[in-house]
Amino acid sequence: MSAVGQDTQAAGGQHPRVAARGPAAGRVVTRSRRSALWAGLAAVVAIAILGYLPYLVFSDTTGLMVQFFQLLIMASMWNLLAGYAGLVSVGHQAFIGLGAYFVVLLAMHGLSPFTAIPIATAAAGVVGLPVWWLVSRLRSGYFAITMWVIASVCMLIIIQISSLGSGTGIALSGLTQSPTLLAADTYWATLAVAVLAIAGIYALLRSRLGLALTAIRDDEAGAKSIGGRVGSVQRLVFLVTALGCGAAGALYAISQQFIVPTAAFDVSFTAEMIFITIIGGIGTIEGPIIGTIVFFILQQTLSADGTWYWIVLGLVAIAVAIWAPRGIWGLVSEKFGIRLFPVGYYVWPAGEQPRRLLARSARP
Amino acid sequence: MPDSVTAGQAGTGVTGVVAPATGVAGTGVSPALLELDAVCKSFGKVVVADNLSLAVGEAELVGIVGPNGAGKSSLFGLIAGDLAPSSGHIFFAGKGVTKADAAARCRLGIGRTFQVPKPFGAMTVFENVLVAVQQGGGLRGRASYAAAVEVLERTGLAADVNLPAERLGLLSRKRLEVARALATRPRLLLLDEVAGGLTDPEVAQLADIVRAISAEGIAIIWIEHVVHALTATVSRLLCLSGGLIIGDGEPETVLAMPAVREVFLGTEVTAELRAADPVTGPAPASAADREQA
């Protein structure tokens with residue numbers, strides 16, 4: 001338990017900006033101990049390479065990456081909700097399914113599916129409002145199960161609508177591009193949403209609100225006692241995750257091109273989000289990223305053999321629960337003292353300040 | 001409590017923003033900062049507040065003693081908004097806060113510590129205090145950093161700023177509780193057994209911090225089992241038992257009351273009293289007893 005600690009002491013994370021510094025009673029406060037220029041540059045280069053990928057590989061590879069990024073978006077949302085706001089939902093497939101069906105509906109009315117993504121995302125967020133009103137008074141198990149019930153109700157309503165294909169499913173219209181271009185567009189859209197989702201979560205957690213959210217993660221009663229508006233913070237996070245899962249659902253509809261209610265509202269979406277978050281490391285931004293990589297590798301190498309796939313997934317989950325309760329990222333950050341996304345603060349000893357600032361002031 | 005307060009409260013309905021009558025019981029001429037009016041609370045058959053009325057003035061330093069289960073921590077729960085009273089009203093700084101939740105009361109100026117420290121374990125000591133400055137204290141940016149560093153220096157935690165709170169020892173955890181509550185810039189600070197489990201020198205250090213906070217004009221209510229720490233610090237002592245205030249006044253006077261001695265089984269308190277004031281102790285005490293009766 002004494003673990004997570006070291007990183008903030010031994011080292012900081014890495015991000016190119018010293019976003020917040022100022023003299024505080026003679027002490028300089030920064031967002032990480034190490035200047036993080038290199039990690040920031042590496043992130044930009046990585047995104048650039050990922051963005052160029054459709055010119056380098058065939059569409060089956062980008063198709064896999066589309067699945068990967070969809071999982072990453074969903075898991076990051078579930079991690080934000082459960083890992084920070086303390087709201088464990090097993091019904092976020094509701095927003096995935098709704099996002100998917102909103103895209104289908106908008107495409108039926110002549111809108112390009114890609115243009116429909118932001119609208120479907122916003123619509124899923126709007127649905128999130130009354131859902132939050134319903135579930136906000138519930139806690140733990142009751143919250144989780146009610147969310148599942150709501151997801152099922154959404155599915156049952158869609159099944160009643162014959163113009164949306166009832167229970168047999170519906171094809172997405174309006175995708176007129178050539179297959180190659182369609183694959184590339186789908187990939188770019190998914191990559192963009194994934195980058196936006198991670199960057200958005202990072203910005204949220206670095207903000208004033210994010211610090212309050214982190215406090216809620218660590219101790220909800222304590223957070224209330226220091227004036228944290230736990231209820232409104234949880235509402236905001238719930239709506240953000242509704243938006244995120246709605247966007248993932250919209251991308252799911254475009255990548256599948258044919259959606260069936262039982263698949264779009266499948267609880268296994270949430271099961272995967274939970275698995276990824278737990279093995280990666282709950283309550284960290286890095287956790288879902290690592291978790292998605294591990295899960296995706298397992299899925300791609302083992303899913304041909306259905307039985308072994310499930311057995312290995314179960315074994316991995318058990319192993320992580322026993323030997324790495326803070327997930328794979330928890331182990332890594334503890335051992336090497338690194339944080340890819342520094343959301344905390346570092347107070348410099350009196351009279352000291354970051355070397356980069358000194359270097360800058362030394363320059364004419 | 002004056003009936004007029006209750007009547008006014010009923011008249012305004014649920015919001016209940018009514019200034020309590022000034023000059024109420026116990027505080028003489030100045031208006032009370034905190035006022036409890038006939039507050040009742042019980043968990044099943046266990047009564048933790050039995051028609052409790054209490055007024056605490058600005059900058060007053062009040063100690064609370066009482067046996068286990070007397071309702072001390074529950075009283076803090078009622079004042080801080082973690083517990084809702086089954087009847088009665090609570091006023092703070094002239095406002096009815098009975099319906100306000102814990103976060104709202106903190107923002108109004110009620111800071112509290114918990115008997116069992118509730119640090120934000122994975123956050124650093126600085127972040128623990130910073131979030132309190134930003135949420136409860138309403139400061140932002142550089143002003144909040146400066147305020148957090150200042151609070152940490154005052155509470156003797158300046159050396160541990162970058163340490164995750166879960167790696168702190170007991171004394172530092174207790175200090176962090178005080179620091180975090182102080183960081184919300186309270187007008188009233190509720191300290192729940194901040195000296196519990198500490199060694200005598202550590203208790204003395206904490207008592208120094210408490211005195212310094214009090215000297216700044218912040219009202220403090222301090223629950224403590226370590227009675228000698230209280231008697232040496234507070235100007236007014238309450239004894240709580242079974243949800244009732246069975247003693248209220250000067251520390252020596254209260255500790256000498258038979259009812260108070262009874263609940264403490266004559267152990268630590270009597271010894272404390274004798275040690276503190278061997279000559280004049282018994283005689284004025286018995287006079288006070290008669291008054292009380």
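Lettering of chains follows the sequences in order, A, B, ..., and the numbering in each one begins at 1.
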(Q) Can you tell me which residue among B/Asn162, B/Val161, B/Leu130 is in a side chain to side chain contact (heavy atoms under 4.5 Å, CB included) with A/Tyr345? (A)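 Answer after filtering B/Asn162, B/Val161, B/Leu130: B/Leu130.
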Q | Crowding at CZ, B/Arg140 (>12 non-hydrogen neighbours, <6.0 Å) | A |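 No.
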Q: Mark yes when over 12 heavy atoms from residues, nucleotides or ligands other than B/Arg107 sit less than 6.0 Å from its CZ; otherwise mark no.
A: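 More than 12 heavy atoms, drawn from other residues, nucleotides or ligands, come within 6.0 Å of this atom.
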Please state whether the side chain, the backbone, both or neither of [X] comes within less than 4.5 Å of a heavy atom of chain A.
X	result
B/Ala181	neither
B/Ala143	neither
B/Pro186	neither
B/Ala80	neither
B/Leu182	neither

Nearest heavy atoms of [X] and [Y], plus distance in Å:
X	Y	answer
B/Phe120	A/Asp218	C-OD2, 3.2 Å
A/Asp219	B/Pro119	CB-O, 4.2 Å
A/Gly227	B/Cys106	N-SG, 3.3 Å
B/Ala103	A/Gly228	CB-O, 3.3 Å
B/Lys118	A/Gly222	CD-N, 4.0 Å

Min side-chain heavy-atom separation [X]-[Y] under 4.5 Å:
X	Y	value
B/Met123	A/Leu211	yes
A/Arg27	B/Glu153	yes
B/Asp101	A/Lys224	no

Q.
Let me confirm one number: the CD-OG distance from B/Gln135 to A/Ser225, rounded to the nearest 0.5 Å.
A.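 One gets 11.5 Å once the value is rounded to the nearest 0.5 Å.
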